[in-house]
Structures are given as structure tokens and as C-alpha cells.
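None of the values given here were measured: they were computed from a predicted structure. Order of the sequence lines sets the chain letters (A, B, ...), proteins ahead of strands, with each chain counted from 1.
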2 protein chains.
Amino acid sequence: MTDTKARRGAGRPREFNTDAALDKAVRLFWQRGYEATSMADLVAETGVAAASLYAAFDNKAGLFAAVIERYAATFSVHLYEPINDPALSTFEAVKGLLERAASSFSEPGTPAGCFMYSAAAAVSPASAAIECMLRDKRIAAEALLIERLHRGAAQGELAADTDPAVLGKFINTVMEGMSVQARDGATINELLSIAEMALDRWPAAV
Amino acid sequence: MTDTKARRGAGRPREFNTDAALDKAVRLFWQRGYEATSMADLVAETGVAAASLYAAFDNKAGLFAAVIERYAATFSVHLYEPINDPALSTFEAVKGLLERAASSFSEPGTPAGCFMYSAAAAVSPASAAIECMLRDKRIAAEALLIERLHRGAAQGELAADTDPAVLGKFINTVMEGMSVQARDGATINELLSIAEMALDRWPAAV
DNA sequence: TTGATTATTGAACGATCGTTCTGTATCGAT
DNA sequence: ATCGATACAGAACGATCGTTCAATAATCAA
């Protein structure tokens, strides 16, 4: 054991890698949720001292906000790629989205399910702002999907009696449910079966 | 202000009403989740002193376990009634289940969504047992649904190429997603539309 | 009426929560 | 070579966490 007094104050080796620390924080919040993840956990996992985390992110809520953005930039962006791909038909886009959800939610290297859906499912009134951040992201993602469906409808890709808003909400609901299923141990094949069943009898224009 | 010393020890007015206290605890856990609900919150909400709660339920986890059973006995039982109703066709049973989910998850007097799905979505490793309790309940409920579908299939109520296990998982997934939707503010009508769209894909025989 | 029982209470426990502070080692500029 | 400036480390903060305790009064058997 080195002398405690001598080891205090490690100086300025280098600014800690913010993204690397956020990646570790993402995993922790993803798995345990906001309330169950303590700053001590985050310090231990990231290897960054508490004071440095506070200097960079103000407080736990600020760190969580940064974690949300980091997750969105790395995982969500990949998930929603098919929706923004102009080369795909509307059906292919939604099919691609659900298939990516199936594989992403059951990916072995990451916590099961979707961070956006489970990290703050239920939260204390004191951290209501946390819940709001994620809800806004979820609603924005749904709006993105619905917008894509509207474009598809405008191009005659959907049955005339299909409401894009309802269809989008339905697809989104299936995806949210798939996250819960993944958390409960559903395999990628089971998730793909669910996705396939959701896409069955797609209301295509004849 | 009454003298503090004189007010200590209030004697034995009556054993507190366990079910009434559990009902209040259900609401609290339902809304905030396991980790974000403190014993102090529970004491304030139920009006029962901490020591009395500990005498009755051992600890917070024990109280939560009792809350799960209470929720199952009051809300879940009602939700799954159609599944156990022998007078209903398989389709009617599933339709009834989803419609009850739509109204129950958006019921104004109770927290949005389903307790079983959101109360312990993400939890610390120390309370992994809590997560397990709910997961077991969810899986049991899904098994119940799948069993009902198997009976329907045996009676020729499903298309021959339909796997009851997959169909059950799909229905269950939609229901879980509906809970997230409800948490995010979906109205009963929106939830009913989602349910209807899920049933549109019903693989009836011929 | 009395005495043992017991559910109840407010207070107190150690542990941990999120957060801040003090001190130090390293850096860039002079 | 030397001097602030800065990013880091551990220690310490008050508050709150889940839990337990000693004290008290309502109960029921005698």
C-alpha cells in the first residue's frame, strides 16, 4: 500500500476522454436505469473522478442528458437509418427498422432492449425532467417514423384507408414491446418473428 | 405543537388494514418504480409507520412482493378475464384482452401503463430479485395467453400455418408496447386503434 | 380490575446518496 | 527555470436511504 497522503492529487495527466467515459456511462444507465445508477457506480465504471464528471456535466442529470445524446448518436442513428434511406420503399424502410430493432435489442455485447424505452420507465418526481427528456426523444422518433409513412402514403405506397399516424404508432408500439421482450430474454429469432408478424398483411396499395 | 415526548408511542388502536395500505403502495410503486419509491414515501402515503410495515412485510422487497400480488389480484385478474372465459372464441378472447389493456392502461384514476411492465424496468444489481419477480409474472402471463391460443388452434380457430407461440408473443409484445405508449400519454382511442391494427393481422382459419 | 401481550409510534442507526472542497501534480507561457 | 492555471485525486459534506429500537398505550384473558 502506498502512503495515502503521498497519492493525493494526481495532477493533470490529460483531460479524460469524454466520449469514452460516456460510452461506459451509457452501458450503466442502460442496464440499471437512472435512479439505480449511482455516481459512485459511474466513477468506478468510467475511471473518472467524481469532481471531473461534475466539472464536465454539472450533475447527475447533466451526465444523463449527455448519455442520452451519446446513445442517440451511436445506437439510435443506426437503428433509424432505413427510415432516412431514400432508396428504400416505405415497406422496406419499416421492415429494415424492425429488423434492426430485433438485432440491436438482443445484441450480446450491450444491455438488452432499448435504452430510450427502459432507462427511465418509472422515476421519482424529483427527477421528472429525466423522464421528460427520454419521452421527448421517444415521441420525436415516433414522429419521424410517422412522417416517413406520410411520405409513403403521398406516393401511393399505402392502402388508401390506412392512417399513417395510426400505422406509425402501431409500428412504434411493436418496437417498444420488442424492447420489453428483449429485456425478458427473447432471442433475436423470436424478435424477428414478432417483427415479421407485425409486417404481415402490410396495408400496401393494391 | 404538542409535546414531542408526550406523543411518543400511540399504543394499539387497531391492526392497520393491510389491503388498504397495499393499495396505496401499489399506486406509488406503479408510478415511480421500485428504486425511486422510498420507505419514507410509503410511510407518508399509507399512513402506516415504518416499523409496522417492516413487521408485516419484513423489508422493502417483501412489501414490493406483496404489492405485486395485490396488483395481480385486482388489476391483472380483470385484464386477463377474457382469456379465461370459455364462452369466448379465441379471437374474441384476444380482442377482449387488448381492449381491456387499452382502457386499463389509460384509466385516469391510476398511473398510466401496466405496473408489471414499468415498475422495475431497470434496476440495480442489489435488487435483481425484484426484477426477477416481475419478469416471472410477465412470462407466466404470456404463457397463459399462448396456452389459450394453443387451445384455439386445437379447435381449428387459427390458420394452419400459424404458430400459437409466435402469435402469443406478438400479442403480448403489442400489449407491452401499449403500456409504454400509455406512459407517454397515448389516449384510450389511440390505444384502441393500435389494438385494432394488431388484430387486423389475425390469422383466422380460412 | 389487573397484568401480560403486542401493534404502534417517533427517534435513531449505519450506510450510501449526490455533491463540494481541499490539496497536488502537471501543463503552457514567460 | 519559474510561475500561475488547470484537471485531477481523495476526503468530507449534509441529506436521505432502508432498517431497527426503546417507549407507549390499546387490547384481551383472568
So T37(B), base contact, sugar-phosphate only, or nothing? Heavy-atom distance under 4.0 Å. sugar-phosphate

L42(A) CG - dT19(C) P separation (whole Å): 11 Å

How close or far is atom P of dT19(C) from atom CZ of F64(A), stated in whole angstroms? 14 Å

Enter the inter-axis angle for the ends of the helix from dT1(C)-dA30(D) to dT30(C)-dA1(D) (five pairs per end, rounded to 10°). 0°

Sequence neighbours excluded, every pair satisfying salt bridge (charged side-chain N to carboxylate O under 4.0 Å, His left out) that has a member inside residues 36-61 of chain A: R32(A)-D41(A)

Under 3.5 Å side-chain donor-acceptor pair for E190(A) and Q181(A): no

Do the side chains of I83(A) and Y80(A) get nearer than 4.5 Å, heavy atoms only? yes

Is the distance from the ring center of F170(B) to that of W202(B) below 6.0 Å? no

Identified salt bridge (charged side-chain N to carboxylate O under 4.0 Å, His left out) partner of D184(B) from the options R138(A), K137(A), K169(A): R138(A)

Table please: side-chain donor-acceptor pairs of residues 109-118 of chain A below 3.5 Å, with sequence neighbours left out.
| unit_1 | atom_1 | unit_2 | atom_2 | d |
| --- | --- | --- | --- | --- |
| T110(A) | OG1 | E107(A) | O | 3.4 |
| S118(A) | OG | C114(A) | O | 3.0 |
| S118(A) | OG | R183(A) | NE | 3.4 |
| S118(A) | OG | R183(A) | NH2 | 3.4 |

The reported gap from CE in M197(A) to CG in L167(B) (rounded to nearest 0.5 angstrom) is 5.0 Å

Taking only residues two or more places apart in sequence or in another chain, which ones pass salt bridge (Lys or Arg N to Asp or Glu O under 4.0 Å) with D23(A)? R70(A)

Atom CG of D41(A) and atom P of dC17(D) are separated, to the nearest Å, by 17 Å

Atom CG of D58(B) to atom P of dG18(D): distance rounded to whole Å? 16 Å

Spacing between N59(A) atom CG and dT20(C) atom P, to the nearest angstrom: 8 Å

Within residues 45-57 of chain A, residues whose heavy atoms come under 4.0 Å of DNA chain C: A51(A), Y54(A)

Side chain to side chain, T173(B) and V180(A), heavy atoms closer than 4.5 Å: no

Mind calculating the distance between CZ (R32(B)) and C1' (dC17(D)) to the nearest angstrom? 14 Å

With the side chain of M39(B) defined as its heavy atoms from C-beta on, choose the nearest nucleotide among dT19(D), dC17(D), dC17(C). dT19(D)

Using only heavy-atom distances, determine whether the side chains of R151(B) and T90(B) contain a donor-acceptor pair under 3.5 Å. no

Check nucleotides 14-16 of chain D against the protein and report each pair of N or O atoms closer than 3.5 Å, with its distance, or say if there are none.
none

